Amino acid sequence: MTVKYKEPAPIKDHLNPLESMMERFSVAAEILGLDESTYNALKSPEKSVAVSLPVTMDNGKIEVFEGYRVVHSAKLGPSKGGIRYANSVHIDEVKALAAWMTWKCAIVGIPYGGAKGGIKCDPRKMSQGELERLTRAYTVAMADVFGPEKDIPAPDMGTNPQIMAWIMDEYSKLKGVASPAVVTGKPLVLGGSLGRVEATGRGVMVTARSAMGKLKMNPSKVKAAVQGFGNVGSISAKLLELQGVKIVAISDVSGGYFNDKGIDVEKAIEYVEKNGGTLEGFTEADMISNEELLTLDVEVLVPAALEDQITLKNADKIKAKLIVEGANGPTAANADAILNDKGIMVIPDILANAGGVTVSYFEWVQNRLGYFWTEERVNRRADRIMKQAFEQVFNTSQKYDVNMRIAAYVNAIDKVASTKRIRGSF
Ligand code: NAD
């Protein structure tokens with residue numbers, strides 16, 4: 001017997017990422033006619049680990065940090081997902097991000113389950129030494145969770161290839177064997193993959209191009225605004241610009257930067273590199289706020305910073321015709337209906353930013369082979385996967401007459417549920 005999950009819940013002003021994930025999950029589960037036990041099994045993470053990490057700071061004092069790792073599902077293969085260093089890290093956020101990883105890997109058809117980790121800290125206020133001690137302490141605490149055949153971390157907000165190198169080193173020392181495949185997003189010299197740094201932004205560009213094709217938009221007549229100018233935002237902006245798109249606004253934590261004539265993205269990237277990682281003081285554009293950036297008169301909007309940026313409060317003011325979610329969870333579920341009614345196509349996070357995990361998978365494959373591919377091969381294979389995934393989600397959206405987000409959840413949940421059934425784990 002199937003159950004109706006979509007309760008006519010009161011519209012809440014604020015949904016946390018876990019509530020947003022569950023809203024969409026429930027709609028897709030109803031379309032698929034999932035039975036109640038499958039629904040309950042899929043919504044609950046398989047494992048949630050919380051640890052306290054005492055770290056000696058440079059001033060000699062010991063500070064204790066909270067760390068988490070959530071494995072949502074390891075049914076399609078070892079679990080995979082990034083580690084976030086931010087003050088906003090919360091167990092509910094980690095659970096949502098872990099589930100999104102499960103759906104993401106299923107959508108792009110790679111043999112991984114989903115996981116996510118996080119440490120509540122402000123990496124910008126910590127020295128390299130403090131970050132290294134914190135990362136090594138986290139790796140020791142998670143030594144039995146991580147593993148090349150079990151659970152494979154990667155970078156996310158606030159973490160980078162150097163942090164992945166410390167994880168690989170500490171884990172290899174603990175196990176007494178070289179284990180490059182325990183983590184992806186490593187520096188090239190340690191077994192990283194060519195193309196990994198650009199992979200998420202590249203996937204954003206590839207799916208945006210596919211969507212522009214469906215919407216009959218000519219990239220050279222399109223203006224775009226990109227929120228967030230870190231790994232995903234800056235590379236998405238650069239690659240979209242190479243497709244002929246005019247990037248009129250970019251932003252980071254210091255605010256938004258708008259130039260109707262177009263921003264030279266390469267120049268902005270160079271500026272950030274020389275300016276301590278921030279756009280602060282960038283003079284090639286006028287200053288606007290991050291909120292203003294979201295409602296600019298552009299055809300394409302790429303939120304590539306954090307969660308909950310498009311909400312009940314601003315969704316009706318959005319003018320873009322296409323939103324490509326570089327970030328995870330940038331749209332709260334209670335804004336979906338408003339975007340739908342406005343006829344805006346949203347390429348959801350679990351599809352748009354799946355290029356990163358796809359090339360992480362390639363890195364893991366190369367580590368296990370001990371043989372490395374050219375950048376051209378990495379990009380060609382990743383582009384093919386992203387294009388196929390886009391078409392599959394688009395076809396599902398036509399089949400069920402639902403938006404791209406629900407279609408992506410339908411494809412992902414269907415795959416994970418049938419794999420669980422075949423394995424006999426219900
Ligand atoms: P990053 O740390 O490299 O960059 C984050 C950017 O967001 C920075 O420019 C920062 O200044 C900006 N930012 C922070 N707070 C902001 C605010 N309040 N308003 C506007 N901008 C703000 O992180 P990233 O790796 O680019 O990740 C960005 C998003 O993409 C996250 O949601 C992450 O989960 C998601 N994502 C990343 C990858 C990846 O491969 N890096 C893969 C999939 C999804």
Side-chain angles (χ1 to χ4, degrees), residues 17 20 80-89 93-94 96-98 100-101 103-105 107-108 114 116-118 122-124 153-164 183-186 192-193 195-204 207 225-238 249-257 268-269 271-273 275-280 282 287-294 301-310 324-331 347-363 382 386:
S20 277
K80 186 88 189 80
I83 298 172
R84 180 171 287 195
Y85 284 7
N87 260 335
S88 56
V89 164
E93 180 193 59
V94 183
L97 288 160
W100 279 325
M101 286 307 298
W103 313 139
K104 211 179 280 189
C105 294
I107 287 171
V108 284
K116 203 80 183 188
D122 186 349
R124 287 168 310 175
D156 190 69
M157 254 173 67
T159 56
N160 56 29
Q162 173 62 75
I163 289 175
M164 301 306 113
V183 65
T184 60
K186 296 178 292 293
S193 176
R196 174 60 187 90
V197 171
E198 298 81 11
T200 308
R202 192 171 174 89
V204 166
T207 52
V226 180
Q227 186 193 45
F229 208 65
N231 173 281
V232 183
S234 65
I235 295 181
S236 303
K238 182 168 106 182
I250 55 177
S251 77
D252 69 3
V253 70
S254 71
Y257 302 81
I269 291 175
Y271 182 85
V272 167
E273 275 164 9
N275 195 42
T278 158
L279 281 164
E280 189 150 24
F282 184 62
M287 283 260 1
I288 56 171
S289 67
N290 263 293
E291 294 74 47
E292 284 169 306
L293 176 139
L294 296 170
L301 177 64
V302 182
L306 16 129
E307 289 106 58
D308 272 337
Q309 299 303 295
I310 301 171
V324 193
E325 294 185 336
N328 285 310
T331 308
I347 311 180
D349 43 10
I350 52 175
L351 169 61
N353 68 38
V357 74
T358 301
V359 177
S360 272
Y361 166 58
F362 294 165
E363 179 175 332
M386 292 305 290

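Remember, it's 1-based here, ligands and their atoms both numbered in the order they're listed. Remember, predicted model here, so these are calculated numbers, not experimental data.
Close N/O approach between A304 and ligand 1 is not found [any backbone or side-chain N/O within under 3.5 Å]. Taking only nitrogen or oxygen atoms, main chain and side chain alike, F229 reaches within less than 3.5 Å of ligand 1. For ligand 1, the polar-atom distance check against K116 finds no nitrogen or oxygen pair separated by under 3.5 Å. Between K104 and ligand 1, no N or O atom pair is found at a separation short of 3.5 Å. At under 3.5 Å, a nitrogen or oxygen of V253, whether backbone or side chain, sits near a nitrogen or oxygen of ligand 1. Below 3.5 Å of separation, one finds no N or O of N353 facing any N or O of ligand 1. Inclusion of N290 in the set of residues having an N or O under 3.5 Å from an N or O of ligand 1 is warranted.
Closest to atom 8 (C) of ligand 1, if we only count protein heavy atoms, is G230 N, 3.8 Å. Looking only at protein heavy atoms, the nearest one to atom 33 (C) of ligand 1 is D156 OD1, 3.3 Å. Summary of contacts: the protein heavy atom closest to atom 39 (C) of ligand 1 is T200 OG1, 3.4 Å. N231 N, 3.0 Å is the protein heavy atom nearest to atom 3 (O) of ligand 1. What sits closest to atom 7 (O) of ligand 1 on the protein, heavy atoms only, is A305 CB, 3.6 Å. The single protein non-hydrogen atom nearest to atom 2 (O) of ligand 1 is G158 N, 3.5 Å, given as residue, atom name and distance. The single protein non-hydrogen atom nearest to atom 32 (O) of ligand 1 is N328 N, 3.1 Å, given as residue, atom name and distance. In this structure, the protein non-hydrogen atom closest to atom 21 (N) of ligand 1 is D252 C, 3.4 Å.
For the residue pair R84 and T159, no side-chain donor N or O sits within less than 3.5 Å of a side-chain acceptor on the partner.
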Practice task
Begin with the C-alpha distance, continue with both residues' side-chain angles, and end with the deciding distance and a verdict on side-chain contact (heavy atoms from CB on, under 4.5 Å) for V253 and T278.
Solution key: CA-CA 8 Å; V253 70; T278 158; 5.6 Å; no

Problem - Evaluation steps, side-chain contact (heavy atoms from CB on, under 4.5 Å), between L293 and L301 - result: CA-CA 9 Å; L293 176 139; L301 177 64; 4.1 Å; yes

Handout entry: Stepwise side-chain contact (heavy atoms from CB on, under 4.5 Å) test for N328 and K116
Key = CA-CA 12 Å; N328 285 310; K116 203 80 183 188; 4.0 Å; yes

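Distances from ligand 1 to the non-hydrogen atoms of E307 include no value under 4.0 Å. Residue P155 places no heavy atom under 4.0 Å from ligand 1. In this structure, M101 has no heavy atom closer than 4.0 Å to ligand 1.
The closest donor-acceptor contact from the side chain of Y85 to the backbone of R124 lies at 3.5 Å or more, if one exists at all. With Y257 contributing its side chain and F282 its backbone, the two residues share no donor-acceptor pair below 3.5 Å. The main-chain N or O of K186 is found under 3.5 Å from a side-chain atom of E363 such that the two form a donor-acceptor pair.
Interface of L306 with ligand 1, defined as ligand atoms under 4.0 Å from a residue heavy atom, comprises 14 (C), 15 (N), 16 (C), 18 (N). Within the listing of ligand 1, atoms 29 (C), 30 (O), 32 (O), 35 (C) sit less than 4.0 angstrom from a heavy atom of A327. Each of the atoms 31 (C), 32 (O), 33 (C), 34 (O) of ligand 1 lies under 4.0 Å from some heavy atom of R84.
Closest of all the heavy-atom pairs between V302 and G326 is CG1-N, 4.4 Å.
Contact of the K80 side chain with the T184 side chain is registered, since non-hydrogen atoms from C-beta on lie closer than 4.5 Å. A heavy-atom distance below 4.5 Å is not found between the side chains of I83 and V183. With contacts defined as side-chain heavy-atom distances shorter than 4.5 Å, the pair S234/V272 does not qualify. Contact check for V324 versus T207: side-chain heavy atoms found under the 4.5 Å cut-off. Between V197 and I235 there is a side-chain heavy-atom pair separated by less than 4.5 Å. Using a 4.5 Å cut-off on side-chain heavy atoms (C-beta onward), L97 and W100 make contact.
Here V232 has heavy atoms under 4.0 Å from ligand 1 in both its backbone and its side chain. With a 4.0 Å heavy-atom cut-off, ligand 1 is reached by the side chain of R196 but not by its N, CA, C or O.
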